[in-house]
Chemist: 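Have a look at this one before I ask anything.
The residues of the chain are indexed from 1 along the displayed sequence.
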Amino acid sequence: MMNTLNTEKTAEKPFRKTGNPVELTSESPLHPRRKSHRIMVGSVPVGGGAPISVQSMTNTLTANVPATLQQIAELTAAGCDIVRVAVPSQDDADALPEICRKSPVPIIADIHFQSKYVFQAIDAGCAAVRVNPGNIRKFNEVGPSICKAATDAGISLRIGVNAGSLDKELYAKYGGPTPEALVASALKEAHMFEDVGFHDFKISVKHHDVITMVETYRLLASKGDWPLHLGVTEAGPAWQGTIKSCLAFGALLAEGIGDTIRVSLSAPPVEEVKVGCKLLEYMGLRPRKFDIISCPSCGRAQVDVIQLASAVTEGLKDVTAPIRVAVMGCIVNGPGEAREADLGVASGNGKGQIFIKGKVIETVPEDQIVDTLLTKAQEIAAQMEADGLVPVSATGPVVVPIQHPNR
């Protein structure tokens, strides 16, 4: 009963096979990707047409190796490609060798103020180091040595520019952290690296304001072919930060700008990864995975759609197969939406019509809708897993409200 056309394509072209330039290409259906040169963060390619990677950052004390490795494992399971860890102290720097050795994904060391930790991170086996030249003491003096150490170790760097660490002269010249000021800072630092022959770096120019952030990345993208790390800094609590990030990333990715992303939320890091992965999925930049669509509640609904969608979402939270489940609550749009999904229900009059691949397979009483959907979804998922059609790093369900012009 399953239509395997789309899922077979997913299986033939997995998200990533490191080292194969053809299969690494990831084009947006909305706009050609901006041309950038490729760097490597461990085994993960960034730029040069590589799939857009998702990053996050641990919030544990890095020196607490078991807790940090546990969180890295959770982030990896959620679909994270690259994990950054903070290195503000000597104890944190001392923990890096074990973390790098045991981490399932590349580790980036996040370093400020103390340049000695940069060299320790490189020696520890970090895949990359994030440095902000604006707050590294005497960067003009230590910068060339950092570049040489990175070159010798075969790792990349990330230049991080943001409003909070903007050079005072640039701040005064441009009247604040404007797009022009942030880009001027990034160009100054990029040229500092390039002047000593180092090119394996990506750039971020983050800002908390969506419009400023978008304008800054657009301007920077026009100045060179550096791979770009997208981020809205200090985006806020989960709901607010998600909106900001989706607006900013959506605008830039729709223009082909961006090579790796981090959704910054005042929330558990795993939530950042879930948002980032789904954002790329809905932008057509990652294969479709598990998805739940549901209608908003309205006066036409004859069932409690909110409760129904929540129950189905909870019951299928561990399913990772790329199936789409439609939970619909009225006779106007319900049958059509349910028919288009892999599995769906059109509810009303105390019962629900269960659809699989466009066909009604049974009608059940309202109190059996959830159990029936859960059983059928698990059956479909099990068959797809047996057929090898579940993509790597598949993520869990997200409820997506469906709006129609006639509502």
Chemist: Please say whether more than 12 non-hydrogen atoms of neighbouring residues, nucleotides or ligands are located less than 6.0 Å from CD1 in Ile306.
Modeler: no
Chemist: If I take atom CE from residue Met40 and atom OG from residue Ser43, how far apart are they, to the nearest 0.5 angstrom?
Modeler: 6.5 Å
Chemist: Not counting sequence neighbours, list each pair that qualifies as a side chain to side chain donor-acceptor pair (under 3.5 Å) and has a residue in residues 58-67.
Modeler: Asn59-Gln71, Thr60-Thr68
Chemist: Considering residues, nucleotides and ligands other than Tyr171, do more than 12 of their heavy atoms fall under 6.0 Å from its OH?
Modeler: no
Chemist: Could you work out, with salt bridge (Lys or Arg N to Asp or Glu O under 4.0 Å) as the rule, every residue matching Lys148, not counting sequence neighbours?
Modeler: Asp152
Chemist: If you round to the nearest 0.5 Å, how far is CD of Glu385 from CD1 of Ile380?
Modeler: 12.0 Å
Chemist: Can you list, pair by pair, the side-chain donor-acceptor contacts under 3.5 Å of residues 371-378, counting residues two or more places apart and other chains?
Modeler:
unit_1 : atom_1 : unit_2 : atom_2 : d
Thr372 : OG1    : Gln368 : O      : 2.7
Thr375 : OG1    : Asp371 : O      : 2.9

Chemist: In Å and rounded to the nearest 0.5 Å, what is the CD1 to CG distance from Ile39 to Asp200?
Modeler: 7.0 Å
Chemist: If we check side-chain contact (heavy atoms from CB on, under 4.5 Å) with Gln120, which of these qualifies: Asp92, Val87, Val129, Asp94?
Modeler: Asp94
Chemist: Can you check side-chain hydrogen bond (donor to acceptor under 3.5 Å, both in side chains) on Arg84 and Ser56, steps first, answer last?
Modeler: CA-CA 6 Å; Arg84 184 156 45 106; Ser56 187; over 6 Å; no
Chemist: With side-chain contact (heavy atoms from CB on, under 4.5 Å) as the criterion, how do Val131 and Phe193 come out once you've worked through the C-alpha distance, each side chain's angles and the decisive distance to 0.1 Å?
Modeler: CA-CA 12 Å; Val131 296; Phe193 282 4; 4.2 Å; yes
Chemist: If you take all heavy atoms of Val319 and Ala381, which pair is closest and at what distance?
Modeler: CG1-CB, 3.9 Å
Chemist: To the nearest 0.5 Å, how far apart are OG1 in Thr320 and CD1 in Ile323?
Modeler: 9.5 Å
Chemist: To the closest 0.5 Å, what do you measure between CE (Met213) and CG (Asn162)?
Modeler: 12.5 Å
Chemist: Do His112 and Arg130 have side-chain N/O donor and acceptor atoms under 3.5 Å apart?
Modeler: yes
Chemist: Let me confirm one number: the CD-NZ distance from Glu281 to Lys289, rounded to the nearest 0.5 Å.
Modeler: 6.5 Å
Chemist: Test side-chain contact (heavy atoms from CB on, under 4.5 Å) on Ile99 and Arg101; report intermediate values, then the result.
Modeler: CA-CA 5 Å; Ile99 292 171; Arg101 187 171 65 253; over 6 Å; no
Chemist: State, yes or no, whether a side-chain contact exists between Ile369 and Ser347 at a heavy-atom distance under 4.5 Å.
Modeler: yes
Chemist: Is it true that the side chains of Glu379 and Gln383 contain a donor and an acceptor less than 3.5 Å apart?
Modeler: no
Chemist: Would you say Ser222's side chain and Leu219's backbone share a donor-acceptor pair under 3.5 angstrom?
Modeler: yes
Chemist: With side chains defined as the heavy atoms from C-beta onward, is the minimum distance between Gln90 and Lys116 less than 4.5 Å?
Modeler: yes
Chemist: Report yes if the side chains of Lys317 and Thr313 come closer than 4.5 Å at any heavy-atom pair, otherwise no.
Modeler: no
Chemist: Return the minimal non-hydrogen interatomic distance between Val305 and Cys295, and the atom names on each side.
Modeler: CG1-O, 3.2 Å
Chemist: I want to check something: taking the side chain as every heavy atom from C-beta on, are Phe290 and Leu316 in contact at a cut-off of under 4.5 Å?
Modeler: yes
Chemist: Does a sphere of radius 6.0 Å around CG in Leu187 hold more than 12 heavy atoms from other residues, nucleotides or ligands, not counting ones at 6.0 Å or beyond?
Modeler: yes
Chemist: Does any N or O in the side chain of Asn132 come within less than 3.5 Å of the main-chain N or O of Val161, such that one atom is a donor and the other an acceptor?
Modeler: no
Chemist: Could you list the donor-acceptor pairs under 3.5 angstrom formed by side chains in residues 246-265, with sequence neighbours left out?
Modeler:
unit_1 : atom_1 : unit_2 : atom_2 : d
Glu255 : OE1    : Arg218 : NE     : 3.2
Glu255 : OE2    : Arg218 : NE     : 3.1
Glu255 : OE2    : Arg218 : NH2    : 2.6
Asp259 : OD1    : Arg33  : NH2    : 3.3
Asp259 : OD1    : Ser36  : OG     : 3.2
Asp259 : OD2    : Leu228 : N      : 2.8
Thr260 : OG1    : Ser53  : O      : 3.1
Thr260 : OG1    : Ser53  : OG     : 2.8
Thr260 : OG1    : Gln55  : NE2    : 2.9
Arg262 : NE     : Glu272 : OE1    : 3.1
Arg262 : NH2    : Glu272 : OE1    : 3.3
Arg262 : NH2    : Glu272 : OE2    : 3.0

Chemist: Could you tell me whether the side chain of Val205 reaches within less than 4.5 Å of the side chain of Ile159, counting heavy atoms only?
Modeler: no
Chemist: Is atom CG of Leu30 surrounded by more than 12 heavy atoms (other residues, nucleotides or ligands) closer than 6.0 Å?
Modeler: yes
Chemist: Measure the shortest side-chain to side-chain distance between Glu337 and Ile293 over non-hydrogen atoms and say whether it is less than 4.5 angstrom.
Modeler: yes
Chemist: Would you indicate whether the side-chain heavy atoms of Trp226 and Lys202 approach each other to under 4.5 Å?
Modeler: no
Chemist: Ignoring hydrogens and geometry, is there a side-chain-to-backbone donor-acceptor pair from Ser103 to Val105 under 3.5 Å?
Modeler: yes
Chemist: Any side-chain heavy atom of Ser294 within less than 4.5 Å of one from Met328?
Modeler: no
Chemist: Between Lys35 and Asp225, does any side-chain N to carboxylate O distance fall below 4.0 Å?
Modeler: no
Chemist: List in chain and number order the residues that pass salt bridge (Lys or Arg N to Asp or Glu O under 4.0 Å) with Lys102, two or more places apart in sequence or in another chain; answer none if no residue qualifies.
Modeler: Glu98
Chemist: Starting from the C-alpha separation in whole Å, work towards a yes-or-no answer on side-chain contact (heavy atoms from CB on, under 4.5 Å) for Val345 and Gln353.
Modeler: CA-CA 5 Å; Val345 61; Gln353 285 187 319; 5.9 Å; no
Chemist: Under the side-chain contact (heavy atoms from CB on, under 4.5 Å) rule, what do Leu157 and Phe198 come out as? Steps first, then yes or no, please.
Modeler: CA-CA 10 Å; Leu157 301 174; Phe198 188 80; 3.6 Å; yes
Chemist: Which pairs of donor and acceptor atoms, one on a side chain in residues 173-183, lie under 3.5 Å apart (sequence neighbours left out)?
Modeler:
unit_1 : atom_1 : unit_2 : atom_2 : d
Thr178 : OG1    : Glu180 : OE1    : 3.4
Thr178 : OG1    : Ala181 : N      : 3.1

Chemist: Kindly give the heavy-atom pair with the smallest separation between Gly160 and Ser204, and that separation in Å.
Modeler: CA-OG, 3.4 Å
Chemist: Can you name the nearest heavy-atom pair linking Gly79 to Cys277, along with the distance?
Modeler: O-SG, 3.7 Å
